[in-house]
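This report refers to the structure that appears directly beneath it.
No hydrogens, no waters, no symmetry mates; every other heavy atom, side chains included, goes into these values. What you see is a predicted model, and the numbers here were worked out from it, not measured in a lab. Each chain gets a letter, A, B and so on, in the order the sequences are listed, and its residues count up from 1.
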Number of protein chains: 2
Amino acid sequence: MRDSLVAAAFRLFLERGYEQTTVDDIVALAGVGRRSFFRYFPSKEDVVFPDHERCLAEMTAFLGDGDDAADPVARVCDAARLVLGMYAENPTFSVQRYRLTRQVPGLRAYELSVVWRYERALAEYLRGRFAGRPDGTLRADVVAAAVVAAHNNGLRSWLRSDGQEDAGAAVDHALAHVRLVFAPDPPAAPAPAAGDTEEDVVVVVSRRGAPMWRVVQEIETALGRTSD
Amino acid sequence: MRDSLVAAAFRLFLERGYEQTTVDDIVALAGVGRRSFFRYFPSKEDVVFPDHERCLAEMTAFLGDGDDAADPVARVCDAARLVLGMYAENPTFSVQRYRLTRQVPGLRAYELSVVWRYERALAEYLRGRFAGRPDGTLRADVVAAAVVAAHNNGLRSWLRSDGQEDAGAAVDHALAHVRLVFAPDPPAAPAPAAGDTEEDVVVVVSRRGAPMWRVVQEIETALGRTSD
DNA sequence: CCGAACGGGGAACTGAGTGCCATCTTGATC
DNA sequence: GATCAAGATGGCACTCAGTTCCCCGTTCGG
């Protein structure tokens, strides 16, 4: 029922446009009653994003499962990848929807409210993890916004390629960028080893032609910690 | 006319709630015709944000005035402060509107689309400034999102205080946080001196206590490239 | 005095979303 | 197999936002 409504809706949306399609048109094509449409989708916009509610629930469950051992920023990046997974499940559908939302202001506004709820979920999680730290809520909001922006940047680049590129790679690359920016995770203390407690500097030598990640790796080793 | 409609609308919104107030109620109280309402405000939501259109125009003008000498991140922070200025012009109005938007989902969605347009303006500016740099558009999107998130964090904290706190201080503090994260000041660059072009190694010295991102930044500068 | 331009007002229409109730299916119980 | 309860569906009428079309009064130039 839900599926038949979504199928009918998208056939009409692609055929004659979103605003030129009325709910009556959709239910006529799907062969169901008008009232049933609004039972499954609280609004006409919802039929365009039929699986976000489920995905949002998955994300909150993922963030609330108590597995708080890892770096919080890494955790929200993984949470963001859940959304990418939902898009990647149905590439053609996602690309069609992307074209729709790009040119219909009403759908763009609706998508913003959906994205906002994801961002709130991430920010709430980070606020919990950053609790007590000075400017914890500020940092939580900023990191959440940055993660969402990076995710969307990678996602859109994939969508613009009609699903040809590697979605995971694009988003991973974007999220890595954010993690590099916010990576320090200050409390990952310098933890001076026994004996060199007085040392204040560390010297690293690297071949100039070495790839950046290799250099970073050497730095991390020298400093006795990781950027994660 | 515009002002009388806004005044009538807010009287009713605060009295009986946004959704319980129809456009007919507003025009009846303002003593104008229903058609005139929609001449001044394309939708019922617009009457709640009567000055954002003007502010957005100011921001795009500010970003497009060709004064690109300063640090791009600082520039978008200044642009964000323009929005704060608009809120601070009418504290009581801003606080009332904040209470409304917080509890009416439709208004929150509308506000999101407004904020999105500000963010797009900032991101477009940064894309121009970061053009050519690898991952320039990604960085532009992320910085814009972070700046907006920080601005909104400070703004909301001020609004929650009923306009009692210092709005400028709250937002300045939040924006300073973001500027610190995103390449605040170019680190002292141990640029290779003339004559050592053939050298294959580079030596980097860093304080052990420095945050990882700071170290990475210095490495990048030393190697004469970025991780982007 | 006339008429064109224009800002405002009103009536009627479309379409989204809701409330209420009738109907139909399903499945458990006796 | 009959019956009843519960849930799913359809139909109808209603509210309200937003639009279209047209009318009216004012103003200003000829």
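As rounded to whole Å, 21 Å separates atom P of D:dC16 from atom CZ of B:Phe41. Summarising the geometry, the separation between OH on B:Tyr110 and P on D:dA17 is reported as 15 Å, rounded to the nearest angstrom. We find that CD1 of B:Ile26 is positioned 13 Å from C1' of D:dG18, with the value rounded to whole Å. Between A:Met1 atom CE and C:dC24 atom P there is a gap of 16 Å when expressed in whole angstrom units. Whole-Å rounding puts the A:Asp24 CG to C:dC13 P distance at 17 Å. Per the geometry, CG belonging to B:Asp46 stands 13 Å off C1' belonging to D:dA17, to the nearest Å. For the pair A:Leu5 CG and D:dT9 P, the interatomic distance rounds to 10 Å; values are reported in whole Å. For the pair B:Glu19 CD and C:dT18 C1', the computed distance is 13 Å after rounding to whole Å.
The side chain of A:Ser36 contributes an N or O atom lying less than 4.0 Å from OP1 or OP2 of D:dG10.
Take the nearest nucleotide of DNA chain D for A:Gly31 and for B:Arg34: the residue whose nucleotide is more 5' is A:Gly31. Summary of the strand contacts: A:Gly33 and B:Phe38 both lie near DNA chain D, and taking for each the nucleotide with the nearest heavy atom, the more 5' one is attributed to A:Gly33.
Between A:Tyr98 and A:Tyr87, every side-chain heavy-atom pair lies at or beyond the 4.5 Å cut-off.
Distances from the side chain of B:Arg39 to the nucleotides C:dG8, D:dC16, D:dC21 place C:dG8 closest. Nearest nucleotide to the side chain of B:Glu45, out of D:dG18, D:dA17, C:dG17: D:dG18. The side chain of B:Ser43 has D:dG18 as its nearest neighbour among C:dG9, D:dT9, D:dG18.
Annotation: cation-pi pair B:Arg97/B:Phe10 absent, no NZ/CZ under 6.0 Å from the ring centroid and within 45° of its normal. The cationic group of B:Arg34 does not satisfy the cation-pi geometry with B:Phe37, failing either the under 6.0 Å distance to the six-membered ring centre or the 45° limit from the ring axis.
Counted by atom type alone, B:Asn153 and B:His177 present zero donor-acceptor pairs between their side chains at under 3.5 Å. Donor-acceptor pairing under 3.5 Å is lacking for the side chains of B:His52 and B:Asp46.
With hydrogens and angles left out, the side chain of B:Arg35 and the base of D:dG18 share no donor-acceptor pair within 3.5 Å.
At the heavy-atom level, B:Tyr40 lies under 4.0 Å from the strands shown only through sugar-phosphate atoms.
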